[in-house]
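Source: prediction; values computed, not measured.
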Amino acid sequence: QVQLVESGGGLVQAGGSLRLSCAASEGSFSTYGMGWFRQAPGKRREFVTSITWNGGSTFYADFAKGRFTISRDNAKNTVDLQMNDLMPEDTAVYYCAASRPRTYYSGTHDFEFDYWGQGTQVTVSS
């Protein structure tokens, strides 16, 4: 069982930046695809970005392209999300997720991810 712990959330003004980090407890981290999802109040959870096990491929939701960057460090069992030019509509709880190796993996659907963190709140004020 992989335990994921997010950190780095907080309150920021529009146009500002935040860096979220997710630490995984397990040594098999380097074999997992990793992703970030978010859920705003009253809305469904949505895909933000993901990265393959070796960092070779990354995927972004349209709203994240050009503003957000995902990265991972397999030596440290961490995956980070750098968020720039934040907007009030980015306000949400952000969740880190891990996907065990699987035959088909798009990295964009929450059902592909097996383990989830508890989430970290990001609030962007206007």
Glu112 side chain to Ser106 side chain, donor-acceptor N/O pair below 3.5 angstrom = yes
request  = Treating Ile, Leu, Val, Met, Phe, Trp and Tyr as nodes and any side-chain heavy-atom pair under 4.5 angstrom as an edge, say whether Val48 and Met83 lie in one connected cluster.
outcome  = yes
message = When you compare the side chain of Trp36 with that of Ile70, does any pair of heavy atoms fall below 4.5 Å?
response = yes
inquiry  = Assess the residue pair Asn84 and Ser17 against the criterion (side chain to side chain donor-acceptor pair (under 3.5 Å)); give the C-alpha distance rounded to whole Å, side-chain angles, the decisive distance to 0.1 Å, and a yes or no.
reply    = CA-CA 4 Å; Asn84 299 327; Ser17 299; 2.9 Å; yes
The single option from Leu81, Thr120, Val79 passing side-chain contact (heavy atoms from CB on, under 4.5 Å) against Cys96 = Val79
note = Separation between OH (Tyr95) and CG (Leu20), nearest 0.5 Å, reads 13.0 Å
Phe29 six-ring face occupied by Arg72 cation (under 6.0 Å, within 45°) = yes
query = Going by the ring pair (Phe, Tyr, Trp, His ring centres under 6.0 Å) test, which pairs reach into residues 44-93, not counting sequence neighbours?
reply = Phe37-Phe47
message = Within this structure, what is the OG-CG distance for the pair Ser30 and Asn54, rounded to the nearest 0.5 Å?
response = 10.0 Å
ask   = If we ignore angles and hydrogens, is there a donor and acceptor under 3.5 Å between the side chains of Thr78 and Asp73?
value = no
query = Between Arg100 and Asp114, is there a salt bridge with N-O shorter than 4.0 Å?
reply = yes
ask   = Taking Glu6 for the side chain and Cys22 for the main chain, is one N or O donor matched with an acceptor at less than 3.5 Å?
value = no
query = Are Ser50 and Tyr105 close enough that some pair of their side-chain heavy atoms sits under 4.5 Å apart?
reply = yes
ask   = Under the side chain to side chain contact (heavy atoms under 4.5 Å, CB included) criterion, do Met34 and Leu4 qualify, and how do the steps go?
value = CA-CA 11 Å; Met34 298 298 298; Leu4 303 172; 4.1 Å; yes
ask   = In Å, rounded to the nearest 0.5 Å, how long is the span from CZ of Arg19 to OG of Ser7?
value = 10.5 Å
task = Start with the C-alpha gap between Glu46 and Arg38, add the side-chain angles, then the distance that decides, and say whether salt bridge (Lys or Arg N to Asp or Glu O under 4.0 Å) holds.
result = CA-CA 5 Å; Glu46 64 178 347; Arg38 70 184 188 183; 2.7 Å; yes
query = Side chain of Ser126, backbone of Pro88: donor and acceptor closer than 3.5 Å?
reply = no
Which atom of Arg67 lies closest to which atom of Asp90, heavy atoms considered = NH1-OD2, 2.7 Å
ask   = If you link I, L, V, M, F, W and Y whenever their side-chain heavy atoms are under 4.5 Å apart, who else ends up in the same group as Leu11?
value = none
task = Using a 4.5 Å cut-off on heavy atoms from C-beta on, say whether the side chain of Thr91 contacts that of Val122.
result = no
ask   = If you round to the nearest 0.5 Å, how far is CD of Gln39 from CD of Gln121?
value = 11.0 Å
key: Inter-residue atom distance Ser99.OG - His109.NE2, 0.5 Å rounding   = 11.5 Å
inquiry  = Taking atom CZ as the centre, does Arg44 end up with more than 12 heavy-atom neighbours from other residues, nucleotides or ligands that are less than 6.0 angstrom away?
reply    = no
